[in-house]
Every structure is written in C-alpha cells, then in structure tokens.
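Worksheet for the structure shown next.
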Amino acid sequence: MSRELEFEAGVEPERYELTALLRYCFEVDRREFFKFLGTGLLIVCVWKDAYGMQESGSDRGTRLQSLPAEIAAWLHIGEDGAVTAYTGKVEVGQNIRTSLSQAVAEELHVPISKVQMVMGDTKQTPYDRGTFGSRTTPEMNLQLRKVASAARDVLVGIAASQWQVDRNRLLVGDGKITDSANERSVEYAALVKGNQLTGTVPAEDPLIPATHWKVAGRSLPKIDGLDFVTGKHRYPSDQKLPEMLYGKVLRPPAFGATLSSLDTHKADKLPGAIVVHDGNFVGVAAPSAEIASRALAAVHAEWKSVPQISNKELFEYLKQNEESGESGGLVPPGSLARSDSSGSAFRYEAGSVEKALASADHRLQQTYTVSYIAHVPLEPRAALAQWSDDNLTVWTGTQRPFGVRAELAEAFRMSEERVRVLMPDTGSAYGGKHTGETAIEAARLARAAKRPVKLMWTREEEFTWAYFRPAGVLEVSSGIRNDGTILAWDFHNYNSGAMGIRTFYEIENQRIQFHVTRSPLRQGSYRALAATANHFARESHIDELAHLVKMDPLGFRLKNLKNERLRAVFEAAAKKFAWGQNKPAGHGFGMGGGFEKGGNVATFAEVAVDRSTGDVKVVRMVTAFECGAIVNPDGLLNQIEGANIMGLGGALFEAIDFSDGRILNGRLSDYRVPRFSDVPALQTVLLDRKDIPSAGAGESSMVGVAPAIANAIFDATGIRLRSLPLVPNGLKIS
Amino acid sequence: MATTRQLNVNGRVYTTDADPEAILLFVLRDHLDLTGTKYGCGEGQCGACTVLIDGKARRSCITRLADVAQRQITTIEGLAKGDQLHPLQQAFLDEAAMQCAYCTSGMIMSAVSLLSTRQDLSAAEIRRSMEGNVCRCGTYPRIVSAIQKAAEVMRESRP
C-alpha cells in the first residue's frame, strides 16, 4: 500500500497544474557560460529521471553543442569566491531562496552569506517546468546539494594535485581546503582563479546525511528579510523602466463576451494615451496610471454575451456534463488507469465493490461538494514588458517563467530565443500564477506603444480574469462490518481533480474514479489542488462510518490504517491535542489527515458553536506533520501554520459567487479571507525523519483542516455538513 | 500646464505635478518611486497600502492627494533611522513574521501607529486592532508575536 501511495505522489503532475506543453530550449552553451559568468568553476547537474523533463519538446537540446539537454541546475564559483547557484524555481513566499541556499552552503562548506541564488530567469537559469506540486524540496534541493557536492569534490581534487597529497587527508570548511599535516590552506577563490573549470555530477555521489547537517536542518531566517521589512525589495508590480507607460485593459462584462462595437475617439484624444484594439483585446497605455484609467473609461464598447449558469446550478451541472471518452475506460481489477498531464480521467479498481457492499453489515452513501474559491494572492498579477529589436523582455510574477515564455512566443508568433521572462520574488501565488495573460497583455500594449509598458491588474481583475480552484461533486459509497472493518469503498470525484484521490485505509474492495467534466468557470491549480476536496470527502465519510458503528474516530482510523508514517502523525497529534479529554459545552473535537506529495499530516480541531447565533469558531488546531528530513524547521512551521490558516478560509467561508458569466463577489469587501480574528490557537508537532529524503510541505499540510473542522462541528452539534465552505453564513440550528 | 505641489514624505519635501484628485498610493509609487507601499485591493480592505499621516495609520489607496498636502507622510522607507531599524522592523525579522512579505510594510506601518499610543496591548487587543490588515500567507500568529516583542522593546527603551 505505501509503495503505491508514494508512486502516486511522486510521479504525476496534477492535470490542472499544466495547461500547455512547453518547448525545451537553452540560451547558452558551455563557452558562453564562461563569457557570461566569468572564469571560475562551473558544475552542471543533469536530471536523472524523466520526471523533470516531462514537458520537453521534440527539439530539445538541438541547439546545444556541449551541454546535455536535461539540465536541472548549475553552480558557479567565481574568482572572488562568490558562489552562485542557478535554478528555474521561483520564490513566492515559500522561502526556498533561503532553503536552497542552505542546501548549497551545506554541501559546499561555505557560509550561507557567500551563496547567491539566481532564480526564474529564462535567460540565466536552466529550464524548469514550474514551481508547483511541492517539488522544490524533494527535487531542486537535492539537485543543488549534488552540484555543490560535486563542486567541492573538484576543488579538493585540484588542491590535492597542487599539493601532491592524498585528497583523503584534506579537510574542507568555511570556503577553504586545509592540509593540517602541512599546516596550509587555500581558499576556493584561489583555486579557481583564471581557470575555466567544469565538472558534472557523478551518478552516485554521496551526500552529507541529514544526521550530519550543519547549515541545512536549521531554522535560518529569510535570507534577504531586511529588503522586505524596509520596503526595498522590488516585486513585479514595483518594476520600473525609463520612458515606461502604464497599461489598462478593457474587460468584457461577462466571460465569453465578444466585442460588437467600439468607439475610441474620446480616449485617443487624451494626452499621451495610446489605444490598442486587436480582435477582442482593447487596452490603453498612457504616461500615468491616472491618464490610463481616464482613457479606459472614455472607451465606449458594446459586447455580445451568452447566457451562462450560476453557482446555484453548479453541482447539478458538473454531474450532468461529464466529458465522454475520457472516463478512463474499464481496467482490470488491481491495475491503474493513469491520467496524463492533458487532463484525462483516473480510475482504480480492486476486488469487487458490489459483492462487498452486499455482504456488509452497514452501507453508507453520501455526497460531498466543494465550491470554486479564489487564490487572492495579495499582489495581483503584474507585468512589465519591453521590446527591443524584436526581442521581448517581461518581468512578471509567475510560477512558470518558462511556460510564460512559451505563451508569449506563441502569442506574438516568435521564437522562444527572442523572449526573456524574469520573475522577481513575488507577492504569493498559491498555484494561482501559472499562466501569462498579464505578460501577454503588457507585451501587446508595449509593442503598439513602442515603449515599455507596466500592467498591474486590479483586485477585481485578479478575482475575475485569473482562474479558480476547481469546484467538485464527490460521491462516496461504502460498506462496513460491525467490528469496524471497512469492506467496500466506491469513491467518485466529478471535476475537482485526482490528486489525493486514493484511500490510504486498507480496504479490499475499491473503486476510485475521477470524472472529467466541463467547468462553467475557468479553473486551474491551487495549493494542494484536489487533495483538499478528496481528503474532505474521505475523512468526513470515515468519521461518519466511525459513528455508524459507534467507534471512537481515532480508534476507527487506526484499526483500518497500516501505514506507519500516517499512524505516527495521527498518534502524535492526538497526544498533543489530548484527544478524549472532556470538552466545554458547545465545543466539539474532530480530526482529519492523510498523505500527499510526500508529506503525512494529521490535523485535530476544536470548535465552539454558539447555538443562539449559529456562530462557529475554530478554537484551536493541532497539526502533526512529517515530510522526511527537515531542511529548515522554522520555515516548515511557518508553511504549516500558513496552510492551516489558508485552509481555514476554504473550509469555513470562502466561495466564489457567480451568475451569467459574472463574478458577483470579486472584491475583498465581498469575498471573505481569513483575518487575525479567525485564527485559532495553533500547535504544530514536527516529526523529523532524518532517514527519509526531504519532501515539500506547503501544500500537504493543508488537507486535514476542512475535514477536522467538519467532524468537530458534528461532534459539537450532531449536524453533518458535507459542503465546502461549511458555514459561510453561520450554522443553521433548527 | 499642470500645477505642482509639495508633499512631505519621510521628512523630505517632494514636488509633484500629480492631480489633487490622484490617489496617494499611486503618487507615492509612480511619482515618487516609493514602492514599499503596496496595492492590494484599492478599497481599504487589506491594509497593504498603509502609511502614516501625521503619525496615524491611513489607507493610501483611498486617500486623495489633496487631503494630505500639508501633512507629514511616513512610508516604510522612512521608518528606519539610517541602519537602525525600527523595533517593529527588527521584531518582524526576529519572529520570521513573513512569507511572501507583500503585506509586511502595511502590517508594520499599522503596528507603528498602534504602538505609538499604547505598548501594553494584549494579544487579543492586537488582533482586534490589526483586523483590517490581510496576510494571505497566514503568518498572523507570528505578526502578533512580533508586535508584542516590539512593544516590549519600546516599553523598555522609554525614558
């Protein structure tokens, strides 16, 4: 069972993570590297498996003479001893600039202050599919440790040959190599000076085990935190160029509306304003944001729109609009029909659900739903675009700089070599910044204006014209014996996604299926993706089964759970939470947990329900989390606390309200996000498994929140809530 | 011909030709290049744009330039004295009270205003007072700790 679970977690990108295939392309070859970086030592790291290069196009590597195509990262040590690591990953608040620097400093034995990370720049960094799926820690952290370790080996080799001594007696530390027998030492800088040294990472390179980590494994603060508390850091929306204009885009009144007439003559007269009309695209660029706004307001447009459904009809719509031919077909029991990145269905079957249901002492059939929700990154999408001699450079906040480069190349019918995308550390994303529409819009305006153009989406645009976490309908049917053994599990998810859909409980007879349906709203990736919906349905249903056979929900879970890592987090959280203790009147306890993307989580919640007002308050949450060897304990705590709080919003009150192609609550005064007063007392138990490779944590730590709260509300009131959000308008107690 | 006016920001006098009806946030960011103050919602709901007007927290995204012409404006860029960070800036670093940090300047400026009158606030009072500031990454508990820590430092350094 556990082997299969890891297989599921490690291999497959979620359908909604990826929207388009990308082309593989490099900017520089080895000689150009040194021209570009200066002399020194260069180590290039190659992906060992297909995962990292899954999206590469058929022409990958054809432009390269000396570099292998499947490059993960590279590292350069300059003549001044400066260590620079290059990765296509990007920083959106998960603090990987810090944790990746720790990895490099650890293996290279240099102070972390000597390490600089260059991230998410399509001209300078290796190709990367994108920063999503919690892959940075399990993959990029490991790759950078490998390049740094290989660099250290090369440097030791040079020192050994210069001194004519056995390399095994040399010591490495603090950016120096020391030969203690002869009382001499040499700095890395001196070893690389004037040279063009290269090396690749050997196939089997021993890394420092987690038990011996000195820099990794520690709670180092955000590496450039000073720039953030002083306002110096320049986010994408803070970028500026000389002669820059400010852009605005005219939005249709509804999704799918087409332009039927346009009058721009008033807008054209405003000083310096340039109006661009291209198909359905209408935008303006002007010397100031104020003039751009005035010009946009002066544009007169008429649109033709088509009738569309509202959220009241959503779940019925999803059930009725399954896309035919994509249901995965029949597969032999015990085998998997896997989805691919283009978004086909998932189906798993084992044993006979029908026979097991027939022989069960109790049967339970329930339907759960989840709403569309918005990411609400505090920095709305922004891009600054500049054309120069038919080359395009765009600074933008995206989790997929290379993906956005491909989108730009396609939109402007140009080759990717002429497009450069840079990603300054961005004001959060949560899966919401995979696409490049802002970059394309800014570039279209800049091309017409023949000057750089910056476009900052408003909050309303961010709410409306980005994409949402998929809504879903989840149908669960189960059979159980009086002794609490689950016999049958029939689980169907319509639309929300396949991530985390498999059950980790030991059940002999299973049918698990993800059904692809049409979506009335544009949907895409979101932190933890469908794992939130699938865990909500599964862990709610498990709680219902426990109550059905009058068993303690913790004991019931442990009875049906063999996976040791999962048992460990449930037991650790239960202990910290003091599960089973007496609770005040009106309070309830609940739990939810699971396994996702290499992380094991159990969340326990205590809620207080005011029966007179219907107010539901989450009083405290305890989370136990284990994701292998911990790279940065406080960074991990920060991610888990944040995931708990963000998860609270989707669990309790966040939902997109829509009708007829319009978003009805697309602003912060209408769409409620968690605030200071919503935050319960949080306690986190970290289980550090130094014997297990590090996995990511930003997403998986979220999945237990909604079911823990729903189960606690049931415990407090006897009311079973099966829709997320649970209590957008308080609890109705009859 | 546009008229120019003076604006007192961070103890410096700036001259701008921005329209008196212009929104202070965009004047600071676009005209004065003080981009530490952030746009988050444009309707005073998230606090990312918070600045001090005569020492009091105000949402610059709903403040007209004309309303602050004669006032002292402080932004995040004006908080430190040379290399000496304000106790709140230091406390946010010490408590790792940020992830993407896009809310951080607004959080710090709101907290500066809050602590300017009282430094003995309970955690519950801090949470209540900071309710108008959003951190979507969810670092709220750390922000409360940072404000408490800064309050302590400020109490101790009071003459």
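The sequence lines fix the lettering, A, B, ..., with proteins before strands; numbering per chain opens at 1.
- Heavy atoms of A:Met456 lying under 4.5 Å from chain B belong exclusively to its side chain.
- Both the backbone and the side chain of A:Leu226 have a heavy atom closer than 4.5 Å to some heavy atom of chain B.
- A donor and an acceptor atom, one from each side chain of B:Arg59 and B:Thr50, are located under 3.5 Å apart.
- Most heavy-atom pairs under 4.5 Å with chain B: of the set A:Glu462, A:Glu641, A:Met244, this distinction falls to A:Glu641.
- Contact record, B:Thr75 with B:Val51: CG2-CG1, 4.1 Å, taken as the closest heavy-atom pair.
- For the options B:Ser105, B:Gly138, B:Cys100, heavy-atom pairs under 4.5 Å to chain A are most numerous at B:Cys100.
- Heavy atoms closer than 4.5 Å to chain B are found in both the backbone and the side chain of A:Val376.
- If you measure heavy-atom distances from A:Leu378 to chain B, the contacts under 4.5 Å come from both the backbone and the side chain.
- Interface summary for chain A: among B:Ile143, B:Thr104, B:Val134, B:Thr139, the most heavy-atom pairs under 4.5 angstrom belong to B:Val134.
- Between the side chains of A:Ser701 and A:Asn644, no donor-acceptor pair is found at a separation under 3.5 Å.
- A salt bridge links A:Arg234 to B:Asp33: one of the charged nitrogens lies within less than 4.0 Å of a carboxylate oxygen.
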Please assess A:Arg251 against A:Glu461 for the test salt bridge (charged side-chain N to carboxylate O under 4.0 Å, His left out), listing each intermediate value before the final yes or no. CA-CA 8 Å; A:Arg251 302 295 172 187; A:Glu461 287 179 296; 2.7 Å; yes

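- Among the candidates B:His86, B:Glu21, B:Gln45, B:Arg128, the residue making the largest number of heavy-atom pairs closer than 4.5 Å to chain A is B:Gln45.
- Within the 4.5 angstrom heavy-atom criterion, no atom of A:Phe463 approaches chain B.
- With a threshold of 4.5 angstrom between heavy atoms, A:Gln639 approaches chain B through its backbone and through its side chain.
- One finds a salt bridge joining A:Asp238 and B:Arg29 here, because a Lys/Arg side-chain nitrogen approaches an Asp/Glu carboxylate oxygen to under 4.0 Å.
- With chain A as the partner, the residue from B:Glu131, B:Gln89, B:Glu77, B:Arg127 showing the most heavy-atom pairs under 4.5 Å is B:Glu131.
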Verdict with supporting geometry, A:Glu290 and B:Arg64, salt bridge (charged side-chain N to carboxylate O under 4.0 Å, His left out): CA-CA 12 Å; A:Glu290 298 93 80; B:Arg64 295 181 320 144; over 6 Å; no

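- In this pair, A:Tyr235 and A:Phe228 present their aromatic rings perpendicular. The plane angle is above 60°, beyond the 30 to 60° band.
- Looking at B:Leu85, the atoms closer than 4.5 Å to chain A (heavy atoms on both sides) all sit in the side chain, from C-beta outward.
- For B:Arg142, the part sitting under 4.5 Å from any heavy atom of chain A is the side chain, from C-beta outward, and nothing else.
- Here the shortest heavy-atom pairing between A:Ser237 and A:Glu379 reads OG-OE2, 2.5 Å.
- A cation-pi arrangement is not found for A:Arg381 relative to A:Trp465, the charged atom failing to lie both closer than 6.0 Å to the ring centre and inside a 45° cone about the ring normal.
- Of all the heavy atoms in B:Ser116 and B:Gly55, the pair that sits closest is OG-O, 4.4 Å.
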Evaluation steps, salt bridge (charged side-chain N to carboxylate O under 4.0 Å, His left out), between B:Arg118 and B:Glu125: CA-CA 11 Å; B:Arg118 278 182 63 194; B:Glu125 287 172 311; 3.4 Å; yes

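- Interface summary for chain B: among A:Lys222, A:Arg459, A:Glu460, the most heavy-atom pairs under 4.5 angstrom belong to A:Arg459.
- The candidate with the highest count of non-hydrogen atom pairs below 4.5 Å against chain B, out of A:Ser677, A:Pro221, A:Ala681, A:Gly225, is A:Ser677.
- Proximity to chain A is absent for every atom of B:Leu79, based on heavy atoms less than 4.5 angstrom apart.
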Would you check, one step at a time, whether the test side chain to side chain contact (heavy atoms under 4.5 Å, CB included) holds for A:Asn95 with A:Asn632? CA-CA 10 Å; A:Asn95 284 337; A:Asn632 183 327; over 6 Å; no

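- Contacts between A:Leu637 and chain B at a heavy-atom distance below 4.5 Å involve backbone atoms as well as side-chain atoms.
- Counting heavy-atom pairs closer than 4.5 Å to chain A, the top residue among B:His31, B:Lys38, B:Gln99 is B:Gln99.
- With a 4.5 angstrom heavy-atom cutoff, B:Ala80 does not touch chain A via any of its atoms.
- Between chain A and the options B:Asp30, B:Thr37, B:Ile23, B:Asp19, heavy-atom pairs under 4.5 Å are most frequent for B:Asp30.
- Interface summary for chain B: among A:Lys454, A:Met646, A:Arg527, the most heavy-atom pairs under 4.5 angstrom belong to A:Met646.
- Neither the backbone nor the side chain of A:Ser293 comes within less than 4.5 Å of any heavy atom in chain B.
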